[in-house]
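Heads up: the structure comes next, in structure tokens.
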There are 2 protein chains.
Amino acid sequence: MAEQADVARRAPLSRARILRTAVALADDAGIAALSMRNLAQELGVVPMALYKHVANKDELLDGMIDEVVAEIDPPAADGDWKHTIRRRVLSARQMLRRHPWASLAIETRDTATPGVLAYLDSMVGAFRAGGFSVDLAHHVMHAMGSRILGFSQELFDASRRAGRSGTSGPEPSAVFPPEAAARFPHLAEVAGAASHEDGSVVGSGCDDQFEFEFALDLLLDGVERLHRQGWTSSEPGMSSTAARVLPADRMTSG
Amino acid sequence: MAEQADVARRAPLSRARILRTAVALADDAGIAALSMRNLAQELGVVPMALYKHVANKDELLDGMIDEVVAEIDPPAADGDWKHTIRRRVLSARQMLRRHPWASLAIETRDTATPGVLAYLDSMVGAFRAGGFSVDLAHHVMHAMGSRILGFSQELFDASRRAGRSGTSGPEPSAVFPPEAAARFPHLAEVAGAASHEDGSVVGSGCDDQFEFEFALDLLLDGVERLHRQGWTSSEPGMSSTAARVLPADRMTSG
DNA sequence: CTCCTTGGTGTACGCCGTACACCTATGGTC
DNA sequence: GACCATAGGTGTACGGCGTACACCAAGGAG
């Protein structure tokens with residue numbers, strides 16, 4: 001009990017405490033540094049002790065994911081669908097920025113956690129409540145979940161990282177090393193323009209939040225247009241979908 | 001040379017052969033099964049032999065990425081920007097389907113490979129050639145590279161995988177186990193509708209290729225609209241960007 | 001003939017996840 | 001109070017990983 005202070009030298013190690021500590025450790029040291037051994041040490045306990053509370057490392061990761069997904073604001077009751085979706089998506093994004101490991105962890109898991117499913121479900125629910133057909137809601141969810149360029153998570157992260165030689169970095173221009181600029185002139189042009197255009201962005205080259213909202217609004221506005229004109233998948237209303245130029249590009253969809 | 005057939009018992013192990021074999025192994029057995037030891041065994045060689053041709057495993061992965069990125073069709077010279085972009089993106093997608101490990105591998109690397117940079121550069125070039133301002137091209141690239149829902153790569157992959165109990169799976173409905181359907185009614189509704197709507201989709205629930213092109217065209221059409229109306233970031237022309245509802249949601253972008 | 005370089009080998013180290021046997025308090029039952 | 005089942009922390013050990021480092025065989029150059 002409380003009498004023997006040194007026997008209860010630590011808080012008594014529960015699944016919840018393990019998950020909280022694991023999230024904190026991944027936040028601080030990166031997901032690569034999250035080993036069962038490191039986590040155990042952080043908790044002042046031997047590695048195998050963890051296995052009395054989580055089945056294995058995969059289950060630990062699942063727990064961590066649901067832990068952070070729960071941080072996403074619940075859907076707002078007021079407002080139209082667009083407002084609701086927008087706020088929710090931005091809240092999810094804030095969570096992902098707080099926990100940079102989460103995005104990759106979620107995508108890596110081979111089966112979605114209950115928390116993730118609940119989030120997606122409530123998102124579909126918001127579209128449905130806004131009068132969307134099941135059909136349109138379905139396709140819109142896909143559109144919001146897919147990345148058109150297959151990769152390059154935050155597009156210029158790589159080039160930005162390549163230019164970092166310290167945390168100070170007061171030089172906003174020349175994000176590219178010169179030889180890269182020669183090889184990739186268009187990227188260099190874009191990167192250069194981005195670093196000049198706005199004083200509110202200090203050293204990083206471009207305003208991630210602006211870019212994200214640009215993409216979000218581009219999509220939401222398109223979706224709103226489809227919704228208003230009563231789009232259905234059997235009779236597509238999008239211009240280029242009707243006049244599809246590359247029927248041969250369709251794959252076998254296996 | 002060719003005289004001693006047993007001395008040259010294998011093709012002489014070059015960087016190119018290592019990369020080709022590594023790609024094939026990752027394609028077949030999954031990226032998790034690609035260890036230096038496994039790869040060496042596949043090549044009939046001792047693990048440390050690989051290190052005479054690649055610096056370490058990270059560099060091996062970089063090489064593999066450039067290997068598969070090179071499979072993306074070069075940009076078409078003819079046609080308008082939309083045609084060019086669309087074809088290129090779809091070609092990239094086909095590559096990513098051939099090499100399911102590639103998408104994650106590319107996103108995991110902390111510095112973009114030359115091949116990836118070249119691909120992105122040519123993409124920006126296509127927009128520029130289509131008359132896009134540097135500004136718009138920049139933001140559009142971000143929009144195409146970002147995923148609005150922060151995760152869930154192919155949205156219903158997870159639920160689909162949860163329902164797989166074999167390769168046959170002749171039952172298109174009930175993608176969800178019933179208890180999950182009760183907890184996530186909207187997802188269940190969407191998943192159920194998807195499995196009924198089209199005879200061309202056999203067992204998988206929804207047509208990934210259709211979903212992808214839906215998202216692609218939604219974005220391209222929105223982009224075309226912005227382009228036509230001379231959008232600039234200083235004076236946004238998108239409806240919801242002008243009447244932004246949630247200024248407080250903006251983060252410090254740091 | 002000697003020597004240097006190129007490329008494959010063998011051993012070994014420290015990390016990882018985790019199976020398994022063990023120990024030790026706790027609390028319920030008689 | 002005696003007994004014992006159970007929950008939870010411990011210690012050891014195994015196989016796999018990436019890779020540092022010393023070694024060695026073959027071939028070309030002087």
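Within every chain, numbering begins at 1; the chains are lettered A, B, ... in the order of the sequence lines, protein sequences first and strands thereafter.
A donor atom on one side chain and an acceptor atom on the other are not found under 3.5 Å apart for A:Thr113 and A:Asp62.
Between B:Arg15 atom CZ and C:dG8 atom P there is a gap of 14 Å when expressed in whole angstrom units. Computed from coordinates, the B:Ile31 CD1 to D:dC17 P distance equals 14 Å when rounded to whole Å. A:Lys52 has its NZ atom 13 Å from the C1' atom of C:dA25, to the nearest Å. The nearest whole Å value for the distance from the CG atom in B:Leu50 to the C1' atom in D:dA20 is 15 Å. In this structure, the OH atom of A:Tyr51 is 17 Å from the P atom of D:dG8, given to the nearest Å. One can place CE of A:Met48 at 13 Å from P of D:dG11, the figure rounded to the nearest angstrom. Regarding A:Glu59, its CD atom lies at a distance of 11 Å from the P atom of C:dT18, rounded to whole Å. To the nearest angstrom, P of C:dT11 lies 19 Å from CE of B:Met36.
The 5' end of DNA chain C is approached more closely, in terms of each residue's nearest nucleotide, by B:Val45 than by the other of A:Ala55 and B:Val45. Heavy-atom nearest nucleotides on DNA chain D were determined for A:Val46 and for B:Asn38, and the one closer to the 5' end corresponds to A:Val46.
For B:His53 and C:dT6, the shortest distance from a side-chain N or O to OP1 or OP2 is not below 4.0 Å. B:Lys57 has a side-chain polar atom (N or O) that falls below the 4.0 Å cut-off from OP1 or OP2 of D:dG18.
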Chi angles and distances behind the ring pair (Phe, Tyr, Trp, His ring centres under 6.0 Å) call for B:Phe210, A:His139
CA-CA 9 Å; B:Phe210 176 86; A:His139 299 307; 5.0 Å; yes
List the steps, then state whether salt bridge (charged side-chain N to carboxylate O under 4.0 Å, His left out) holds for A:Glu42 with A:Arg37.
CA-CA 9 Å; A:Glu42 194 82 7; A:Arg37 286 166 150 94; over 6 Å; no
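Between the side chain of B:Arg37 and the base of D:dG18 there is at least one donor-acceptor pair of N/O atoms closer than 3.5 Å.
Atom CG of A:Leu39 sits about 8.0 Å away from atom CE of A:Met64, to the nearest 0.5 Å.
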